[in-house]
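Written below as structure tokens is the structure these notes are about.
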Amino acid sequence: MALAFALLALAALTPSSRAQEAATGRITGVVTDSGTGQPLSAVSVAVAGTRLGGLTDAQGRYSIERVPVGTHTLQTRRIGYSPRNIPGVNVTANGTATVNIALMASALTLEAVVTTGVVDPTSGTRVPFTVGRVDAADAPVPASNAIETIQGKVAGVTVVPSGQPGSGTNIMLRSPTSINKSNTPLIIVDGVIQSDAFGGASADLESLDIESIEVVKGAAAASLYGSRASAGVISIKTKRGSSLPEGPPRVTLRSEYGDNSLGGKINWAKYHYYMTNASGQYIDEDGNAVDRSDRVADSVFKRFQDNPYPDPIYDQVDRFFDPGQYFKNSITIAQNTGKTNWLMAAATRKDDGVVLNSGAYDQTNFRINLDTRPRDDLRLSFSGYHNISKRQELYGDTFFDLINQAPDVNLLVPDPDGTPYIFQGDPEGREENPLYVLATEDNERKRTRTQGSIGAYYTPLDWLTFDADVSYDRSDRRVNFFLDQGIKTEGFGGPGGGPGEISETAATTDALNASASANLIGRAGPFTVRSTLRALVERSNNQVTDATGSILATPGVRSLDNATERQLSSEYETVRSTGYFVTLGADYLGKYIFDGLVRRDGSSLFGPEERWNTYYRASASWRMAEESWWPFAAITEFKPRYSRGTAGGRPSFADQFETFSFTSAGGVVKETLGNRFLKPELATETEIGLDLIVKDRYSLQITRANTVVEDQLVQVPLAALFGYTSQWQNAGTVEGNTWEATLQADVLRRPNLSWRVGLVFDRSRNKITEFDRSCYTTNTIAFRCAGETLGAMYGFHFINGTSELPADAQGHASEFQRNDEGLLVWVGDGNSYTEGESKKLWGTGTTIGSQNYQWGMPIRQVDAEGNAAVVRIGDGNPDFHWGISNQVTWKNFDFYALVDANVGGEVYNQTNQRMYQYGRSADVDQAGKREELKKPVDYYVNLYAANDPTDYFVEDASFVKLREVSVRYRVASSVIDKIARLGVKGASLSLIGRNLFTSTPYGGYDPEVGGTIVRLDSFDYPRYRTITGSIEINF
Amino acid sequence: MKKLIPLLVLLLGACQELAVTNPNEPDRERATKEATSVESFVSSAFRTWFEVGGHNDYPSWAFSTMAHEITSSFADFGQFETSAEPRSAWNNSPVNARNNVAETPWYGLYGAISPVNDALIAIDSGLVIGDEDRTARARAVGKFIQGISHGYLGMYFDQAFIVDEHLAVDTISAPVFHPYPEVEEAALAELDSSIAIAERSDFTLPIDSWLFQEMDQDGLARLANSFAARILAYTPRTRAERAAVDWEEVIRRVDAGITSDFAPVAQPDILWDDWKRLLARKRSGPPSDFGRPSNWLIGPADSTDAYVTWLATPLNDRHAFKIETTDQRIHATGDPDAPGKYMGFYQANIGSAARGTWRYSWYYYHRFGTGDSWETGALPSLTVSEMHLLKAEALIRLGRPEEAVPLINETRVANGGLPPVTIDGPPDEQGCVPRKMNGDCGSLWDALRYEKRIEGAGVSGITAFMDARGWQSLPANTFIQLPVPGRELGTLQLPLYTFGGPGGNGSAPEPDEEACPTALERCP
């Protein structure tokens, strides 16, 4: 901050260089659309090689003063139009050169100006590496989570959204870069580096604010961001008044309203396996009719789940989930006065989600962006954002409790204590009714997020700019939990209820980032040279305080003082980092482009002996179509490019420290053995590619990226006698490669009809190539081992053939058969797997060699030592992604649809697996099966395998998804004219759909579940669809 | 002025100090230099031990269900896998989802030893904690923790490291495993060292930390002797090894041991017995919804033929049954539906039929309370009755069964309300408790085993297993000890191995528990 003021003071003291210039003239003109002839506002017209320029007004007019005498080239930029260079503009002393310019509509992202990963805004055609980009115009459907805006629109992006509204999202660029640490890219909004110290940070952002998003996918481009950028960078620019023509303030009101609904379902069993009489009543072994609680399971040889329930049954999915409402209102006021522009935006959102009467999310946010030029050589920029949100939290076992409900349990009957939903509808009392818990727990999350940045840009000379910026990001989070005395809980299901519980968690994260730089841009003959020297500092703190109390003294009192038992805990982390970098970029006649960068980063997160690390980037490209000999006139851009760079991934706060952990009341336990030599993960990426533009209507970008991430941060276990359980070490390497292709086409461009298509494709592979510790499983299915992919699933395998039998059973192969599911089972000599009931063979067994075999039951593969073998059972990595977006404008209608797909890739369906435990999955029902193929519930419990991961529950999670659809009608100008006296300048109506339809073989709610690497479906809040209508009015 | 700008840019970063401390936890240096923190290493070690000493979920659930003490069809803590019948080998792979059965006690016990060793090293280097007696207290309890930790390592695992304050851990590149008899020997020496320090000191242990029971130096010495008796009697893996125990020494240790129950006082979030909590858990449905007294535990008290019939039924056709008994610990006298002192009747099944209806029991457990009672109050952990019944076993084995009789009758009569046994066993009459598996009236040996099982149930989750392997009552092919966990073998780059299963190493033989160690009436 101090430096920013220093720069301001410096600017005040330095006489304007402009005043020293002599012999200048003026350039003026009108910019129009070449197709329609209509004037274009907000077109940036600049004098090449200088910092002179301006924006067109509402009539398309521009004027550039004090242009040095000579011949110049004008450059134009506007979103949605191809940039143009107009050479040969001759300026005479005190004269006025009039240059009228017609721009061709286009939306080729490849030509858009890039600001991320580079020091100076640069046309995409001059950037020697890949930068993905999405403009607001490409995203007519505001995403539920702002970061998800890029899903399906940028190649190399993997997004696995979280289900509950107000959650963060899971995002990964290209291939994974870290075995243990985050694979989430660094996120920057208007220069504010977003904290990653707490969960769901991206949920605080507002998608309506977005002007553009740039995606820098790997180290080859992201080296500028040093030790935080190995997973890439996503940079969001929010809307500013600068994009408006000069004039009075403009007001935009937008209101969106609609419903959420569950897209996919899971299928519930409808039958039971208890003994019944001819009337369907439960009976005991003596044939006496008994109550449900005294029912007796059928004999093991015929324990088939094919008996209809005597009582009504319910579809618990339908009863638990309920369409909730979605609405979002916003107002934006903005103005551009030439020297100053500003924008204020406020939005409020309410999203009920899809759980009956629970889990609602409310968010309100406010933004102000301001730019001003107090002098021609000084620009000040300010961005401020404040967000408040509130969410009802669902308890951890919500969806687990749901799947354990028996079909004959009515979740919607009231409880005797007055709660609208019964606590325990099942006399067996297995799991409580989640609706009761949700109705009685007060579990609320409140968050506020405040962000601000201020920047100063001082240009004392045409070729020299100093800039400084300071950004601040603060998050305050509170979670208040209150369960009153007398409410029934898992441990206290009786009429008196439980003793009550209360907790409060308060967490604050604040981060201050500042940088200052000197930037040089100049021409030396045919060369254009850019260079920057920058220093950056980061200070961030994260503090969490948690207070929990139980056994309330008095009902209804929501104070921790009311708890007779109390526990406290707190945690404080601080991070300090410093970085310096210098860049040098040059191009020769705009054809041969070079770029180099060196960055030196120091951070408190690194071990004391590895405090400083160095990163670099070197890039080059050749714009061959600019060559005079280029033979293909239709191909206006043909640019092979190469970039190689490094970036880092940082350890977590505690990793370097030797820690003794406190337990309650002064207990001390050894935990991690510290490591003074801990250093960041080092990603080195090499990217080669080709950019191609044909007839200014079609662009194609093809990229191949190879990434090697060494020094992986691995938690290495230690032998028990050391007392410490593990130590973080740099002990592994992950390699990845990605093919990406982005095709954009302006298929039709007519006055009343236009059609744009965008196609993205990517294919990524990854592998752990070095791993200096023993292999291990984590997160149920994930397996970390040299030679294996991140995304590989490991677990147990049910064998399919006699060749997979252990050696000591090979001689008994004739006693085994493959059943109708393709699983090998032991049946004994002379028997068939179809004779389990007729010969009363289910429930019998044998021992062969070192193994026990149950009749007809799936058999786990064992290793040479006789242990159940842990083998590869699947891979969450898809074969490839693709996405197609279409934008059609016809008269006053805009149509938009985004379809994207994962081809290949698997998900482990643990939700369905747990539904096998008590026969809740429809798979366990035997009604309608041929008698000899029926299998007892024991068979399915065997497949359930006590929740061990097995190949039986690995499912193909490929999908094709109609992700976004919108139809927008812009109210005809004839109508607008009639209400112009109200100040209305435009209006539109839209119909919007999100996550509308999914085609997939996956049996869960939605194949987009779990994380980007560990694809585990484990009782998560399901993805849902939203259909809304919106109205937007401009004043 | 312009030249100053780049300088300012550089200064911006240069002025920031990058070294930060960790304010959340003490580092090694801070922790081992201060007397109070060194003392806390010792005073908080017992709670680490307590969890893996039979009072938390691992390894209690696996051991108890394997020993037919408690029945459960849940798989949470490895009990389903380990107690499935017929028995299979223990899957020692580090990727076994239930590897905590072995890993938790292994790392937990060394987690108790390691900070104690740091403290003893500091004390040996001259650190004084307050005064001489206070320092001696830390040393005595430290040696006690070493002893019970090594002792339990020797009871659980086939081999283990012996790590005390004299071992320079930082210089070790290839740790040495010692077979369990050597580990047991080291444990007893450490307990004796603790006793020796206690006997020449004068200190008290407060109720709210250390061992969570108020006692003086003599109390600590008695407790150390009782643990030594446990280690002596429970380390053997087989009937032969149990027979070879120095039973005179067991008697000496019992006599020098506790005179009242060792019952640490629970404190929420600090020390409690999760084994007891889960055993008594009543959520919203039937009580004891996680595990129940097994039919093998209470069946010998049945005066009907339900248990005998149940045993004679093929495993997968067995269902729960109701018994009638004169043992007041199971149900109230004359009323099989009314709860007894330790358990009660509740006709509801828990668990999935598909995991074996033979696991069903219609009896719930309430001896140590239900609900949140496990959060506060005394948690019996090592009882006088256990010690007396160990002594009774010693006396029987030493050919002095008449001296064992009154020890067996202590709880049998007072708690069970049963007629006293004689050297010939319980009175051979209708309602004889216990009965043999064929329905005959049991022997004195049967009465001892029944008494120890029913009095010990729910006290510590591991003792039933230790008795069962020495009494040869484990189902065939049960693993009789745990191997060093697969994760540890992987860390040390040693080959994986395991125990149990058909034809495997360390597999229990066919049970033969009614065979008496010495000649007694009604013994087969």
Side-chain angles (χ1 to χ4, degrees), chain A residues 3 6 293 297 300 423-424 428-429 432 466 490-491 493 516-518 533 535 537 565 567 571-572 574 576 578 580 602 604 611 654 657-661 664-670 717 719-723 725 774 776-777 843 847 850 852 865-868 870 918 937-938 941 946-948, chain B residues 1 5-6 8-10 12-13 16 18 20 22-28 31 40-41 44 47-48 75 80-81 86 88-89 91 93-95 97 106-107 110-111 114-115 161 163 169 175 268-270 283-286 316 348 352-355 357 371 487-488 490-492 496 501-504:
Chain A
L3 191 64
S293 57
V300 62
F423 175 68
Q424 182 51 264
E428 288 180 347
E432 60 269 38
F466 296 109
E490 189 177 82
S517 59
L533 172 66
V537 293
E565 303 287 353
Q567 288 93 42
E571 191 173 348
Y572 185 84
T574 186
R576 293 178 188 173
T578 298
Y580 304 95
S604 63
R611 199 63 97 196
F657 297 112
E658 200 156 71
T659 55
F660 289 74
S661 168
S664 297
V668 184
V669 178
K670 285 184 176 179
L721 81 167
F722 294 107
T725 56
S774 50
Y776 68 99
T777 55
T847 299
S850 62
N852 303 309
E865 287 77 37
N867 287 318
V870 177
Y918 296 116
V937 287
D938 308 55
V941 170
N947 210 29
D948 283 339
Chain B
M1 179 62 75
I5 301 299
L8 279 171
V9 172
L10 289 168
L12 179 71
Q16 179 166 247
L18 295 180
V20 302
N22 178 6
N24 305 309
E25 294 106 11
D27 59 28
R28 186 179 195 169
S40 71
F41 282 12
S44 63
R47 59 170 96 162
T48 304
F80 177 72
E81 175 185 344
S88 299
N91 179 2
S93 166
V95 296
W106 179 262
Y107 293 104
Y110 285 107
S114 182
F161 311 121
V163 194
V169 171
D269 204 34
I270 298 172
R283 295 201 294 190
S284 48
N316 281 315
S352 168
R355 289 188 173 183
T357 54
R487 172 185 148 168
E488 187 79 338
T491 300
L492 298 171
L496 204 62

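Proteins get letters first, then strands, A, B, ... in listed order; numbering begins at 1 in each.
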Where on [X] is there a heavy atom nearer than 4.5 Å to chain B: the side chain, the backbone, both, or neither?
X       : answer
F722(A) : both
Q424(A) : side chain
T847(A) : side chain
Y572(A) : both

[Y] and [X], any side-chain heavy atoms less than 4.5 Å apart:
X       : Y       : result
V95(B)  : Y776(A) : no
V669(A) : P115(B) : no
N852(A) : P502(B) : yes

Hey, which of P175(B), G111(B), A89(B), A354(B) has the most heavy atom pairs under 4.5 Å with chain A?
A354(B)
Selection from [options] maximising heavy-atom pairs under 4.5 Å formed with chain B:
options                            : answer
V937(A), N947(A), T777(A)          : T777(A)
A720(A), G493(A), S293(A), G602(A) : A720(A)
S850(A), A654(A), A297(A), S774(A) : S850(A)

Between [atom1] of [X] and [atom2] of [Y], what distance do you get to the nearest 0.5 Å?
X       : Y       : atom1 : atom2 : value
L721(A) : S114(B) : CG    : OG    : 8.0 Å
L18(B)  : R611(A) : CG    : CZ    : 6.5 Å
K670(A) : Y107(B) : NZ    : OH    : 15.0 Å
E81(B)  : D948(A) : CD    : CG    : 7.0 Å

Where is the tightest heavy-atom contact between [X] and [Y], given as atom of each residue plus distance?
X       : Y       : result
P717(A) : R487(B) : CB-NH2, 3.5 Å
D938(A) : A353(B) : OD2-O, 4.3 Å
A719(A) : L492(B) : CB-CD2, 3.9 Å

For E565(A), which residues count as a salt bridge (charged side-chain N to carboxylate O under 4.0 Å, His left out) partner, sequence neighbours excluded?
none
Part of [X] lying under 4.5 Å from any heavy atom of chain A:
X       : answer
V169(B) : both
T357(B) : side chain
S352(B) : both

Given 3.5 Å as the limit, does a donor-acceptor pair link the side chain of N91(B) with the main chain of N867(A), or not?
no
